[in-house]
Amino acid sequence: MKILSVNAGSSSLKFTLMKMPEEEVIASGLFEKIGLADSSYTIKYQGEKIKKECSLENHSVAVEKLIAELIDLNIIQTLDEIEGVGHRLVHGGQEFTSSVVLNEEVLEHVAKYNELAPLHNPANIMGVRAFMEKLPNTIQVGVFDTAFHTTMKEKEYIYPVPYEWYEKYQVRKYGFHGTSHRFIDMTIRKHLNNDNLKVISCHIGNGGSITAIDSGKVVDTSMGFTPLAGIMMGTRSGDIDASILEYMANKTGETLTQLTNDLNKKSGFLGVSGVSSDSRDIEAAVLQGNKRAILAQDIYSQKIANYIAMYNNLLNGADVIVFTAGLGENSPMMREKVMQKIASLGVKLDLSKNDFRGEFRKISTDDSKIPVFVIPTNEELMIAIDTMNFILNKN
Ligand code: ADP
């Protein structure tokens with residue numbers, strides 16, 4: 001069967017058409033600058049890449065173009081061949097604990113969480129509505145970034161602030177990247193043929209989060225009420241002392257909104273190094289001896305190491321550590337730096353196995369106390385699997 005995995009942003013729409021259950025990518029692509037003057041799209045199919053500039057007034061027009069291209073390129077003959085569409089939805093609050101079949105009523109529930117993810121949820125919902133309009137007879141499934149984390153206990157998700165903040169205003173830890181962490185957990189449990197693994201999953205990309213998982217259930221995760229919390233990231237600060245906000249507001253006259261924007265967009269690698277948010281630029285600057293780039297990399301790897309050590313304690317000893325996403329999959333330098341900083345856990349990197357990018361590999365020595373793997377994440381596949389399971393009535 002053919003299933004579309006979709007990730008709709010406010011001005012973009014990413015798709016992957018997959019053949020399931022074979023898990024083969026048939027085609028993929030990106031519609032960009034939707035609603036803006038210079039919109040365009042690219043489609044990758046059979047090793048070819050097609051790029052077209054065209055006006056895309058809204059998501060509905062983008063979906064129409066997508067379907068027309070799939071037919072024109074003979075990727076599908078009729079619309080019925082697309083048996084399901086799976087959508088990435090960022091926030092499902094504490095209500096959505098797993099993926100769900102979408103209809104108008106469910107979408108209204110999802111929209112309740114728009115306030116908690118104002119940049120993402122309304123755009124995700126717009127994408128779903130566009131597909132519902134163009135493919136009204138096709139099952140649409142919502143896969144939430146937050147759902148995997150709903151197994152956390154109060155002890156982990158309640159902040160030590162006035163309890164009414166939680167009761168009245170839903171202030172709690174939600175966690176994100178859940179679909180990626182779930183994919184990593186599923187993959188490593190299958191690989192090691194053990195359903196009761198205690199896993200520390202390190203999703204380290206431009207955004208980053210670390211999750212402690214026991215027997216398929218999240219125990220704790222580093223992101224929080226929003227994706228700003230936890231480890232340092234490309235442009236986000238991660239955890240900081242909340243008092244800094246009031247102090248800086250008094251010093252600079254910036255509003256809370258501006259300061260929060262600084263923490264989201266001008267901090268992390270970019271803020272500390274002054275070079276870039278991209279770790280490739282940071283690594284190049286480190287090799288040239290740039291002091292602030294060296295400092296940025298040092299702080300970055302230390303924060304990751306600290307979370308791993310903390311979660312090893314929380315899990316009462318992890319069975320496996322996995323690196324994934326942009327840096328986790330592609331940066332031997334960062335993996336080495338992090339692993340040096342968790343040596344006290346008895347973790348040992350096999351340097352001869354670390355020099356590669358984007359593959360599934362074990363990188364620890366045989367006598368490492370905790371085995372360490374690199375696994376390329378695949379959120380699109382996880383979304384397609386969930387959608388397929390609804391079609392096969394497995395959920
Ligand atoms: P996002 O959070 O946007 O999904 P990704 O997981 O795609 O991000 O990660 C993107 C980041 O991965 C880039 O900003 C870059 O810092 C890092 N990255 C990608 N390739 C490499 C590489 N070869 N070496 C070091 N860092 C890399």
Side-chain angles (χ1 to χ4, degrees), residues 5-16 28 30 32 44 88-90 117 119-120 123-124 143 145-146 175-184 187 201-211 221-223 226-238 263-288 290 292-294 296-301 303-304 322-339 354-361 363 374-383:
S5 268
V6 174
N7 184 351
S10 57
S11 64
S12 70
L13 194 149
K14 248 196 248 177
F15 78 91
T16 308
S28 64
L30 173 66
E32 285 178 283
K44 283 194 216 161
R88 176 195 186 206
L89 301 177
V90 166
L119 298 179
H120 293 101
N124 299 158
V143 179
D145 267 19
T146 47
F176 300 88
H177 292 143
T179 308
S180 172
H181 290 298
R182 183 158 59 100
F183 177 81
I184 294 302
T187 307
S201 169
C202 309
H203 178 113
I204 307 174
N206 186 33
S209 67
I210 305 196
T211 298
T221 190
S222 62
M223 281 180 168
T226 72
L228 180 56
I231 58 174
M232 169 178 156
M233 306 175 213
T235 60
R236 296 189 194 120
S237 62
L263 295 182
N264 272 303
K265 305 249 171 80
K266 298 185 184 166
S267 301
F269 269 145
L270 178 64
V272 178
S273 71
V275 173
S276 166
S277 63
D278 192 304
S279 68
R280 284 163 288 203
D281 302 330
I282 300 290
E283 290 182 10
V286 165
L287 295 175
Q288 286 169 356
N290 181 312
R292 273 174 51 193
I294 294 170
Q297 200 182 47
D298 231 13
I299 302 172
Y300 189 87
S301 50
K303 301 290 180 197
I304 295 169
V322 184
F323 288 107
T324 192
L327 281 95
E329 293 168 27
N330 300 304
S331 172
M333 197 190 226
M334 186 53 65
R335 292 194 294 252
E336 187 180 342
K337 294 243 175 272
V338 172
M339 287 185 67
N354 188 37
D355 192 16
F356 70 96
R357 300 177 208 292
E359 285 171 37
F360 188 142
R361 278 205 207 169
I363 56 171
V374 173
I375 302 180
T377 195
N378 196 339
E379 289 157 286
E380 294 79 15
L381 175 58
M382 199 73 244
I383 292 172

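Counting starts at 1 for both ligands and their atoms, in listed order.
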Chemist: Kindly confirm or rule out an N or O of Ile204 lying under 3.5 angstrom from an N or O of ligand 1.
Modeler: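 Among all N and O atoms of Ile204, none is under 3.5 Å from an N or O of ligand 1.
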Chemist: Closest approach of Pro332 and Phe356, non-hydrogen atoms and distance?
Modeler: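 Closest heavy-atom pair between Pro332 and Phe356: CG-O, 3.9 Å.
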Chemist: Applying a heavy-atom cut-off of 4.0 Å, say which part of Met334 lies close to ligand 1: side chain, backbone, both or neither.
Modeler: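 Under 4.0 Å from ligand 1, Met334 contributes no heavy atoms.
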Chemist: Step by step, would you call His181 with Ser209 a side chain to side chain donor-acceptor pair (under 3.5 Å)?
Modeler: CA-CA 9 Å; His181 290 298; Ser209 67; 2.8 Å; yes
Chemist: Quick one: which of Met233, His203, Arg280 has a heavy atom closest to atom 19 (C) of ligand 1?
Modeler: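 Closest candidate by heavy-atom distance is Arg280.
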Chemist: Side chain or backbone, does Gly326 bring an N or O within less than 3.5 Å of an N or O on ligand 1?
Modeler: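 Yes.
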Chemist: Under 3.5 Å between any N/O of Asp278 and any N/O of ligand 1: does that happen in this structure?
Modeler: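 Yes, Asp278 has an N/O under 3.5 Å of an N/O on ligand 1.
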Chemist: Applying the side-chain hydrogen bond (donor to acceptor under 3.5 Å, both in side chains) criterion to Ser180, which one of Asp145, Thr211, Thr377 satisfies it?
Modeler: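 Output: one option passes, namely Thr377.
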Chemist: Can any side-chain N or O of Thr235 pair as donor or acceptor with the backbone N or O of Asn264 at less than 3.5 Å?
Modeler: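 Yes, Thr235 side chain to Asn264 backbone: donor-acceptor pair under 3.5 Å.
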Chemist: Of Lys337, Glu283, Arg357, which meets side-chain hydrogen bond (donor to acceptor under 3.5 Å, both in side chains) against Ser331?
Modeler: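 Option passing the side-chain hydrogen bond (donor to acceptor under 3.5 Å, both in side chains) with Ser331: Glu283.
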Chemist: Which is it for Met333 and ligand 1 at heavy atoms under 4.0 Å: side chain, backbone, both or neither?
Modeler: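 Within the 4.0 Å criterion, Met333 makes no contact with ligand 1.
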Chemist: Under 4.0 Å from atom 4 (O) of ligand 1, is there any protein heavy atom?
Modeler: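 Looking at atom 4 (O) of ligand 1, one finds that no protein heavy atom lies closer than 4.0 Å.
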Chemist: For atom 26 (N) of ligand 1, which candidate among Gly328, Ser331, Ser279 holds the nearest heavy atom?
Modeler: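 Looking at heavy atoms only, Ser279 sits closest to atom 26 (N) of ligand 1.
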Chemist: Among protein heavy atoms, which sits nearest to atom 24 (N) of ligand 1, and what does the distance come to when rounded to 0.1 Å?
Modeler: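 Result: Asn330 O, 3.4 Å.
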Chemist: Nearest protein heavy atom to atom 10 (C) of ligand 1, by residue and atom, and its distance?
Modeler: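 Scanning the protein heavy atoms, the shortest distance from atom 10 (C) of ligand 1 goes to Asn206 N, 3.7 Å.
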Chemist: Side-chain contact, heavy-atom cut-off 4.5 Å: Leu327 with Tyr300?
Modeler: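 Yes; the side chains approach each other to less than 4.5 Å.
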Chemist: Determine the sole option in Met382, Arg182, Glu379, Arg88 for which the side-chain contact (heavy atoms from CB on, under 4.5 Å) test with Val143 is passed.
Modeler: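 That would be Arg182.
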Chemist: Do the non-hydrogen side-chain atoms of Phe176 and His120 ever get within less than 4.5 Å of each other?
Modeler: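 A side-chain contact is absent here, since even the closest heavy-atom pair is not under 4.5 Å.
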Chemist: Students should be able to answer this: which protein heavy-atom is nearest to atom 2 (O) of ligand 1, and at what distance?
Modeler: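 For atom 2 (O) of ligand 1, the nearest protein heavy atom comes out as Gly207 N, 3.0 Å.
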